[in-house]
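Here is the structure we will look at, set down as structure tokens.
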There are 2 protein chains.
Amino acid sequence: MKEKKYQLIANEIKKRILNETYKANELMPEQGKLAKEFGVSKITIKKALDGLARAGLIYKKSGLGTYVLGQTLKMGKLDSPANAFDGLYHQQGKEHIKSKVILFEPEFPSAHVAQKLNITTTELVYNIKRLRIIDGMPFILEHTYMPVSIVPKLPLESIKSSIYSYIHDELNLKFGGAFRKIHSDWSNQDDVKYLETNLKVPMLEVEQVVWLANGKYVEYSKSRNVFNTRAITVVDINNF
Amino acid sequence: MKEKKYQLIANEIKKRILNETYKANELMPEQGKLAKEFGVSKITIKKALDGLARAGLIYKKSGLGTYVLGQTLKMGKLDSPANAFDGLYHQQGKEHIKSKVILFEPEFPSAHVAQKLNITTTELVYNIKRLRIIDGMPFILEHTYMPVSIVPKLPLESIKSSIYSYIHDELNLKFGGAFRKIHSDWSNQDDVKYLETNLKVPMLEVEQVVWLANGKYVEYSKSRNVFNTRAITVVDINNF
DNA sequence: AAGTGGTCTAGACCACTGC
DNA sequence: CAGTGGTCTAGACCACTTA
């Protein structure tokens, strides 16, 4: 799998921003210089920078130059970016995260779940409940439905660690995108049971549908956190 | 202000998707055909489609074609997309929304606010509290800080309707992007007072920093909703 | 093998900024 | 005016999917 030039360049520039070769609120080298340095055309540099701009790392001003953007809403250690497909396991590091499998069963989906996954009610799905534990603390209660047809042999080992890694690295499938709906709710019996909290406490719930690059829906899930343990962060860049 | 070709094309294709000329889960005309139809080069079509793909309307599969994506996580009527700069006023329509101005004062920002807005504590900001009311129902309690230097003459009329429209249409400034942090919390005294709810109820809070296309920070705000009145939706497309 | 989308180029021209 | 980023093109070539 050959890395694309614009991807390589974007990664290199990102590295330079993170190690402060290019400092926050300062001008970066102009596109022409970068094109020369990397030995590519101007438009390829632009593509790399466009990606970084969308990720909220830089901004460009026509007639002036490209600036490094100072990140002002810092993420807490346990916050999750809403724009990411690497999963908790990678965000937090595998030394810190454990998963307890509460439920792992095949079943025929309800009409509701089938509709979310764009399948019929006769196509089997896995019904998976996991408690994600970070540094020994119960953290997220995840309830996931996944079509069996897409992940026919889901190893228990992956469920305990990272289903996303299995899909990405072992099955070599690429994620396409996700719709997420974030809202707030009262804690329920399950939350109390697994997240070591009380009844009638605020919860943060993320409901999501995830699809692969080949257009197939791979997951419908709800993740619940106790209110004061996690926030979701979103970067939203105007235009394209 | 001349519209760009890829923007015009993206809008036209979006229209066709919405009026179901191109139907969900079906193939769209290939890029070559579209290029011919609109009389532009293939790469311009691609740019238009890339934008639509990032907005979650379509997905493309190399070797196959471009599909219209069926939206499976429907937004509720009062939900807000996290990816949008048009503001509530436009999302809900001005017939339905009213704003009650609770506080509107200039002040020197606290160190915290100054840091978020990337200014010094000697640069004046507006301290604005608004209650947004939809169809007579108290809906969102907004607390906003805005540098006076960017909006020197903010008309009270705009605060009552749409500050975003004023910035965009009257001042002709373009939004650049936003960082948002979404979390859950207990309701507090202010929530009870203005949102007609009880104490100790779950709330959804969106904390955000918004900057303009010229890189200047224009807003630091916190918006609070009662838990069962609104959700935030996010579309997250892998890669660029 | 044919057809799709994706990458990349060189270069023309435009739009915006500051001097 | 010079210098920046943005748009757009024609066309070469690659990667992927289906047959």
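In what follows, chains are A, B, ... by sequence order, proteins preceding strands, each numbered from 1.
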>> Tell me the interatomic distance from A:Lys36, atom NZ, to D:dT4, atom P, rounded to whole angstroms.
In response: 12 Å

> Excluding sequence neighbours, so at least two apart, what forms ring pair (Phe, Tyr, Trp, His ring centres under 6.0 Å) with B:His168?
Replying inline: none

> Do the charged groups of B:Lys46 and B:Asp50 touch, with an N to O distance under 4.0 Å?
Replying inline: yes

>> Holding to salt bridge (Lys or Arg N to Asp or Glu O under 4.0 Å), I want the full list of residues that pass it with B:Lys216, two or more places apart in sequence or in another chain.
In response: none

> Residues two or more places apart in sequence or in another chain: which of them pass salt bridge (Lys or Arg N to Asp or Glu O under 4.0 Å) with B:Glu205?
Replying inline: B:Arg224

Distance-only donor-acceptor pairs under 3.5 Å for side chains of residues 22-31 of chain A, two or more places apart:
residue, atom, partner, partner atom, Å
A:Tyr22, OH, A:Arg16, NH1, 2.7
A:Glu30, OE2, A:Lys33, NZ, 3.3

> With sequence neighbours left out, what residues match B:Phe38 under ring pair (Phe, Tyr, Trp, His ring centres under 6.0 Å)?
Replying inline: none

> With sequence neighbours excluded, what pairs up with B:Phe104 under the ring pair (Phe, Tyr, Trp, His ring centres under 6.0 Å) test?
Replying inline: B:Tyr126

>> Using whole Å, what does the distance between atom C1' of nucleotide C:dA12 and atom CD1 of B:Ile43 come to?
In response: 15 Å

>> Tell me the interatomic distance from A:Tyr67, atom OH, to D:dT4, atom P, rounded to whole angstroms.
In response: 12 Å

> Name the stems that DNA chain C belongs to, where each is three or more consecutive Watson-Crick or G-U pairs with both distances under 3.5 Å?
Replying inline: C:1-18 with D:1-18

>> Just to verify, what does B:Tyr67 make a ring pair (Phe, Tyr, Trp, His ring centres under 6.0 Å) with, not counting sequence neighbours?
In response: B:Tyr59

Output a table of nitrogen or oxygen pairs between the protein and nucleotides 2-6 of chain C separated by less than 3.5 Å.
residue, atom, partner, partner atom, Å
C:dG3, N2, B:Gly63, O, 3.2
C:dT4, OP1, B:Glu30, OE2, 2.4
C:dT4, O2, B:Gly63, N, 3.0
C:dG5, OP1, B:Gln31, N, 3.4
C:dG5, OP1, B:Thr66, OG1, 3.4
C:dG5, OP2, B:Gln31, N, 3.1
C:dG6, OP2, B:Gln31, NE2, 3.1
C:dG6, O6, B:Lys42, NZ, 2.7

>> Rounded to whole Å, how long is the line connecting atom CD1 of A:Ile45 with atom C1' of D:dT4?
In response: 15 Å

